[in-house]
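Heavy atoms only: backbone and side chains are in, while hydrogens, waters and symmetry mates are out. Order of the sequence lines sets the chain letters (A, B, ...), proteins ahead of strands, with each chain counted from 1.
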Amino acid sequence: MRNKPLLICVVGPTAIGKTSLAIALAKAFSTEIISADSRQFYKEMSIGTAVPSKEELQAVPHHFIQSKSIFDEYSVGDFEREALELINEKFFPSNNDNKVLDSLVMVGGSGLYVDAVVRGLDEFPTVPPEVRNKLNSEMENLGIEHLQERLKIADPIQYSKIDIQNPHRVIRALEIFEFTGKPFSSFLNQKSTPRAFETLFIGLSADRETIYGRINKRVDQMIDAGLIEEARNLYNHRDRNALQTVGYRELFNYFDGSISKEEAISEIKKNTRRFAKRQGTWFRKNEAIHWFDYRTKPEEILEFIHEKNAK
RNA sequence: GGGGAGAUACUCAAGCGGCCAACGAGGACAGACUGUAAAUCUGUUGGUUUCACCUUCGCAGGUUCGAAUCCUGCUCUCCCCA
């Protein structure tokens, strides 16, 4: 008999079948689903992010799906806080009338978001967007070298640790310094917050060819389902961060005439394949994941979880 | 039938006597990753016993100390005139 509740994390590359497995598991455990998918959060996007269908959403209570707007400022940190709060409330309700759950299912292909909930990030203050905007334009005008030099002085530790060629990394470290006056590295490795639940990772996998085949097929289905219209309605907001997303960017390029429709579609496929590759790289190094072939019956995985959980 | 242009690694494409296993781009593969993460960035991409050697630039010869680069013939592709 275990003493901590269980968070079952379903991970794997895009289009592998995480959604339906998660639903099967949640049903079996009479519990609910937390989405750890950095793009399914947004209510303005649905076809291109492959959010669960109406039926699927009705079958099991889902959290975080389409709960935000692309106009919101939303980050992994926010997600970690909100998800933890929710998990806590489900496992240890503050109100005695609420049902106590002893397990929850979390699904998602966003490695960093999953890890944030399971392992936690260090605490950083929220930096106002103007700080980053300023750094972005500084980079445009003066080049990355200039920012690198600044970081070298502001935070030599981080400077030697991060990929200095990567603007996102350099700017992030600098924005923390700019806003707080303290180096980014000084926020690292604060006290680790222990989780009040156990985590069990279930990974779905398939050989490369299979994944790619599924991706190609799914992209065609998205187009048939009206992705082009969905993207067209968002075209005016194409600069929003949430819309820096595979399936939308390529169509924006089609709308402004830089590529043809056919090119856009094959670019979506290509970029989705690359995305799946990066997901694989991220998850592969997580040794806690128990991998299953994508065709494995949910019952079999269920049995595995029960076995594992009894120990 | 006559005239012209060209054949370079997975693709496109530079190179026009030595600094070339061969610029660059694409693609593919691999990797990184603490609030932009479906983002962003990095590396590799002829072979091997990998700080060295071997085999490559349509094919076969030749010139040269030395050729992807020059010469000859052949094969194929494209364009123009008939």
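Here B:C41 presents its P atom at 13 Å from CD1 of A:Ile162, a figure rounded to the nearest Å. Separating the CD1 atom of A:Ile171 from the C1' atom of B:A39 is a distance of 13 Å, rounded to the nearest angstrom. Per the geometry, CD belonging to A:Glu145 stands 14 Å off P belonging to B:C41, to the nearest Å. Rounded to whole Å, the distance from CZ on A:Arg249 to C1' on B:A37 is 12 Å. We find that CZ of A:Arg274 is positioned 9 Å from C1' of B:G26, with the value rounded to whole Å. The OH atom of A:Tyr42 sits 11 Å away from the C1' atom of B:A39 (whole-angstrom rounding). One interatomic measurement links the two molecules: CD of A:Glu263 to C1' of B:G26, which rounds to 13 Å at whole-angstrom precision. For the pair A:Ile70 CD1 and B:A39 P, the computed distance is 16 Å after rounding to whole Å.
Nucleotide B:U55 forms no Watson-Crick or G-U wobble pair with any nucleotide shown, as no partner meets the under 3.5 Å limit on both distances. In this structure, B:G1 forms a base pair with B:C81, meeting either the Watson-Crick or the G-U wobble geometry with both donor-acceptor distances under 3.5 Å. Using N1 to N3 plus N6-O4 or O6-N4 for Watson-Crick, or N1-O2 and O6-N3 for G-U wobble, each under 3.5 Å, B:U69 pairs with nothing. With a 3.5 Å ceiling on both atom-pair distances, the Watson-Crick or G-U wobble partner of B:C76 is B:G6.
Less than 6.0 angstrom separates the ring centroid of A:Phe29 from the ring centroid of A:His306.
Heavy atoms of A:Arg240 sit nowhere under 4.0 angstrom from any nucleic acid atom. Base contact: A:Thr49 has a heavy atom under 4.0 Å from a base atom. Within the 4.0 angstrom heavy-atom criterion, no nucleotide atom of any strand lies near A:Asp115. Heavy atoms of A:Ser110 sit under 4.0 angstrom from primed sugar atoms or phosphate atoms, though from no base atom. Residue A:Tyr74 is classed as having no contact, given no heavy-atom separation below 4.0 Å to the nucleic acid.
Straight-line distance between the C1' atoms of B:U77 and B:C29: roughly 32 Å, to the nearest whole Å.
Of the listed nucleotides (B:A28, B:U42, B:G35), B:A28 has the atom at the smallest distance from the side chain of A:Lys270.
Because its NZ or CZ atom is both nearer than 6.0 Å to the ring centre of A:Phe124 and within 45° of the ring axis, A:Arg172 counts as a cation-pi partner of that residue.
Environment of CD in A:Glu263: crowded, with over 12 heavy atoms of neighbouring residues, nucleotides or ligands closer than 6.0 Å.
Residues passing the ring-ring contact (aromatic ring centres under 6.0 Å, His included) test with A:His237, sequence neighbours excluded: A:Phe71.
Taking only side-chain nitrogens and oxygens, A:Asn271 never comes nearer than 4.0 Å to OP1 or OP2 of B:A39.
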Item to complete: Treat primed atoms plus P, OP1 and OP2 as sugar-phosphate and everything else as base, then score nucleotides 29-34 of chain B 5' to 3': B for base contact with protein heavy atoms under 4.0 Å, S for sugar-phosphate contact only, - for none.
Response: SBBBBB
